[in-house]
*Asks:* 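My structure is below; once you've seen it, I'll send some questions.
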2 protein chains.
Amino acid sequence: MFESSTIKDIARALNLSTSTVSRALRDSYEISAGTKKLVMDYAQQVNYRPNPNALSLKERRSKSIGIVVSEVANHYFSQAINGIESIANSRGYTVIITQTHESFEREKTNVQHLASRSVDGLLISLSAETSDVSHLEQLHQRGLPIVFFDRVPERIDTFKIIADNAKGAYEATSHLIRSGHLKIAHISSSAHLSISIERLTGYTDALHENGLSIHPEYIKNCPHGGMIQDEVETAVKELLSLKNRPDAIFVAGDRLTMGCMHVLKKLNMLNPTKIAIAGFSNSDVLDLFNPPITSVFQPAFDMGQLATEKLLELIEAKFPVTEFERNILQTRLFIR
Amino acid sequence: MFESSTIKDIARALNLSTSTVSRALRDSYEISAGTKKLVMDYAQQVNYRPNPNALSLKERRSKSIGIVVSEVANHYFSQAINGIESIANSRGYTVIITQTHESFEREKTNVQHLASRSVDGLLISLSAETSDVSHLEQLHQRGLPIVFFDRVPERIDTFKIIADNAKGAYEATSHLIRSGHLKIAHISSSAHLSISIERLTGYTDALHENGLSIHPEYIKNCPHGGMIQDEVETAVKELLSLKNRPDAIFVAGDRLTMGCMHVLKKLNMLNPTKIAIAGFSNSDVLDLFNPPITSVFQPAFDMGQLATEKLLELIEAKFPVTEFERNILQTRLFIR
DNA sequence: TTGAAAGCGCTAACAA
DNA sequence: TTGTTAGCGCTTTCAA
């Protein structure tokens, strides 16, 4: 149905060989100015576009990168994607976005699919369900460039771009303490995720430093990072029914914060005099609440940009890269 | 760097010809059971994946579709994308998402890029800046399957999936009237967009039907659909400084609704006793406000699914399709 | 039942 | 300066 003209067409039309046309289009020094102009003009006229599949086949690279995130309807990720796009597009790469919806199975399928789609590299933030990363390890060992951001695995040695989660969590928790809350609970994504571990550390550090003890029953995990609202609802309800009911919650994620607020709203408890909330979120909607909600903002756009730069470094490296950094970007506490 | 095994490798290893391997892998009737098993097993063992570029080149299709939306950080679009993905993936298609950020230039670049990336079809919602659609018309005429959703052009004859914008707007406006508001303003995206026109119709219909007159100064357009917050701010401020100040605003979009609320918040006017708001939005965050905000919900997921089904119908059609429908899906008013 | 060869669009080594 | 040819991975016609 949809056919665009090829080098062959141009060659035939101009009575030249395909190689001459190819070289002319690529502005090769071997071609005379006259021929070049002839070819270029005609190509322009018929709106010639090189066939990317042919190019990929020939050059053994697709000039595309794959992204794996939980979901685009999450301000952290949509901002990160904007950062990724900005770098990738400017360097001539297409971006293929896939969503796991926090499912391990979908992560495996997506990664498999991207790899077999012959992307040149992968940008991944692990799903909440993912603890086994052998599907990625395998690809990594076979030489596929991978950069992790946000939720990163321990085991695989490559570039990792993360926010200073511990510090962000520490600041948010400290803020709650300074605001007069002494019984601070913590709701987080699945326990094994890097971000959960780091944010938990920040939370406990802040409590310790302020002479508050840690109550294990104050710490709740939602194994699906808030994708399953029932998990959030159960967590919040359990917290609220504790004998020693917390007076604040530090929530460790964008979706979780919203989920939590929905539960509290439903219970008519969405009010800091009843229970205060502070959480990780990149959504500016928190501004709109009355009273507004303090949140930890991650430099998502910058993280996306940096991750992409690192990935392109790997992809375009002349020699195998063996030295990897772990870049930690600073979060920002929006006190509201 | 990252090489996976090819049919050639398998052929060499098993001492067969590439064509035999190819046929065995495709379970061709011409190949003996023994050879098939041999090949299949070995392929499994070396984790053989067909090279999609070679396939695309050969079959002249890429099994991928391109999406063009304003931005993924918009609940309407992220939900539509989920719908698109659900159908596309189940039918073996990869999806390439691009964002225009409401810019005409970026729309042209993205469309151009997708077309030259040899996607098999395009799913498009026009950018707020787009009034000239010749870049799409051209591709359409050359036979590229295109389905429009949400913001659709008049001129191009193909499948179009839209919400019943007029009715949705009518209901939201009527709701405001029923709630006692008589001076209802309207903030919308750029005036030429199909959704703006349709929503304006619903708005004026509701006013007329209730014996209210239309004040042109009550109707404001933001040419960038809320991407430029200054435009929203100006619009709101102009409305608020009118001698005959409106007591309600019907806002015609997801991002615009949020933008509007930010401005009102800044002016300490985010309160229905001062000025009420009702708008098109697919975000459930509106639930959380006190008092909550009434909104028109579009069946974004369903629209995405339907659009994809129609697109695949076009892509996989044996004969050129010349009969096109315009599917109108019902919105839902969430009275809060 | 299997293999040889051509061709999808493109680039590049080699020849002229 | 331009042309011929081979090959990237795959399918498919034709031949054996």
Side-chain angles (χ1 to χ4, degrees), chain A residues 1-40 42-43 46-64 92 115-120 142-143, chain B residues 1-40 42-43 46-64 92 115-120 142-143:
Chain A
M1 300 260 316
F2 180 67
E3 308 284 326
S4 51
S5 49
T6 69
I7 277 191
K8 211 169 167 181
D9 298 332
I10 299 178
R12 197 165 25 223
L14 300 179
N15 234 313
L16 288 168
S17 76
T18 58
S19 48
T20 304
V21 174
S22 170
R23 279 185 277 238
L25 287 171
R26 326 189 70 236
D27 202 19
S28 160
Y29 66 97
E30 320 169 274
I31 304 294
S32 73
T35 311
K36 263 184 202 170
K37 180 156 171 40
L38 190 69
V39 173
M40 300 270 210
Y42 186 78
V46 297
N47 194 28
Y48 167 79
R49 304 285 155 189
N51 180 321
N53 292 309
L55 270 174
S56 299
L57 190 58
K58 181 88 184 125
E59 320 242 308
R60 297 147 152 283
R61 55 165 182 64
S62 61
K63 278 266 186 179
S64 69
S116 83
R117 267 274 154 193
S118 68
V119 291
D120 296 340
R142 283 169 55 205
Chain B
M1 302 253 325
F2 180 67
E3 307 284 327
S4 51
S5 50
T6 70
I7 277 191
K8 212 169 166 180
D9 297 331
I10 299 180
R12 196 166 24 221
L14 300 179
N15 235 315
L16 289 167
S17 75
T18 58
S19 42
T20 304
V21 174
S22 171
R23 278 185 279 237
L25 287 171
R26 325 190 72 237
D27 202 18
S28 161
Y29 66 97
E30 322 169 89
I31 302 293
S32 73
T35 310
K36 262 186 201 167
K37 180 154 170 42
L38 190 69
V39 172
M40 300 271 207
Y42 187 77
V46 298
N47 193 28
Y48 168 78
R49 306 284 155 187
N51 180 321
N53 292 310
L55 271 175
S56 299
L57 189 56
K58 181 87 186 128
E59 322 239 306
R60 297 149 152 281
R61 58 166 180 63
S62 62
K63 278 268 188 176
S64 70
S116 83
R117 266 274 154 194
S118 68
V119 292
D120 296 339
R142 283 169 55 205

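Note on naming: letters A, B, ... go to the chains in the order of the sequence lines (proteins, then strands), and numbering restarts at 1 for each one.
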*Asks:* As a test of reading the structure: which of C:dA5, C:dG9, D:dC8 is closest to the side chain of B:T18, going by heavy atoms?
*Replies:* C:dA5

*Asks:* Rounded to the Å, how far apart are A:L38 CG and D:dT2 P?
*Replies:* 10 Å

*Asks:* Between B:S56 (side chain only) and B:P52 (backbone N and O only), is there a donor and an acceptor less than 3.5 Å apart?
*Replies:* yes

*Asks:* Let me spell it out: for each of B:R23 and B:E59, pick the nucleotide of DNA chain C with the closest heavy atom. Which residue's pick is nearer the 5' end?
*Replies:* B:R23

*Asks:* Would you kindly give the CG-to-P distance between A:L55 and D:dG9, to the nearest whole Å?
*Replies:* 15 Å

*Asks:* Looking only at the side chain of B:A54 (C-beta and beyond, no hydrogens), which of the listed nucleotides C:dT11, C:dA4, D:dG9 gets closest?
*Replies:* D:dG9

*Asks:* Let me know the distance between CZ of A:R12 and P of D:dG3, rounded to the nearest Å.
*Replies:* 15 Å

*Asks:* Which residue in the set A:V21, A:L14, A:L16 passes side-chain contact (heavy atoms from CB on, under 4.5 Å) when paired with A:T35?
*Replies:* A:L16

*Asks:* Compare side-chain N and O positions of B:R60 against OP1 and OP2 of C:dG9 and report whether any pair is under 4.0 Å apart.
*Replies:* yes

*Asks:* So, is B:S17 close to the C:dG3 phosphate, meaning a side-chain N or O under 4.0 Å from OP1 or OP2?
*Replies:* yes

*Asks:* Could you tell me whether the phosphate oxygens of C:dG7, OP1 or OP2, come under 4.0 Å of any side-chain nitrogen or oxygen in A:K8?
*Replies:* no

*Asks:* Taking all non-hydrogen atoms of both residues, which atom of A:K36 and which atom of A:I31 are closest, and how far apart?
*Replies:* CE-O, 3.6 Å

*Asks:* Nearest-Å distance, CG (A:D9) to P (C:dG9)?
*Replies:* 8 Å

*Asks:* Hey, which of these two, B:S19 or A:N51, hits DNA chain C nearer its 5' end, going by closest nucleotide?
*Replies:* B:S19

*Asks:* To the nearest 0.5 Å, what is the distance between OG1 (B:T20) and CG (B:L25)?
*Replies:* 10.5 Å

*Asks:* What's the closest nucleotide to the side chain of B:K58 if the choices are C:dG9, D:dT11, D:dG3?
*Replies:* D:dT11

*Asks:* If you check every side-chain atom of A:E30, which of D:dT2, D:dC10, C:dC8 has the closest atom?
*Replies:* D:dT2

*Asks:* Rounded to whole angstrom units, what separation is found between the CG atom of A:L25 and the C1' atom of D:dT2?
*Replies:* 15 Å

*Asks:* Grab the two heavy atoms, one from B:D120 and one from B:K63, that are nearest each other, plus how far apart they are.
*Replies:* OD2-N, 2.6 Å

*Asks:* I need the CD1-C1' distance between A:I7 and C:dA12, as an integer number of Å.
*Replies:* 12 Å

*Asks:* Answer yes or no: does a side-chain N or O of A:T35 lie under 4.0 Å from OP1 or OP2 of D:dT2?
*Replies:* yes

*Asks:* Check this one for me: any side-chain N or O of B:Y29 less than 4.0 Å away from OP1 or OP2 of C:dT2?
*Replies:* no

*Asks:* Any idea which of D:dG9, D:dC10, C:dT11 is nearest the A:R26 side chain?
*Replies:* C:dT11

*Asks:* Heavy atoms only: give me the nearest B:S62-B:S118 pair and the separation to one decimal.
*Replies:* OG-O, 2.6 Å

*Asks:* Starting from C1' on D:dC10, measure out to CD1 on B:I10 and report it in whole angstrom.
*Replies:* 12 Å

*Asks:* Tell me: CD1 of B:I31 to P of D:dT11, nearest whole Å?
*Replies:* 12 Å

*Asks:* If you check the A:L57 side chain, which of C:dT11, C:dG9, D:dC10 turns out closest?
*Replies:* C:dG9

*Asks:* Contact class for B:S22 vs. all strands (heavy atom < 4.0 Å): base, sugar-phosphate, or nothing?
*Replies:* base

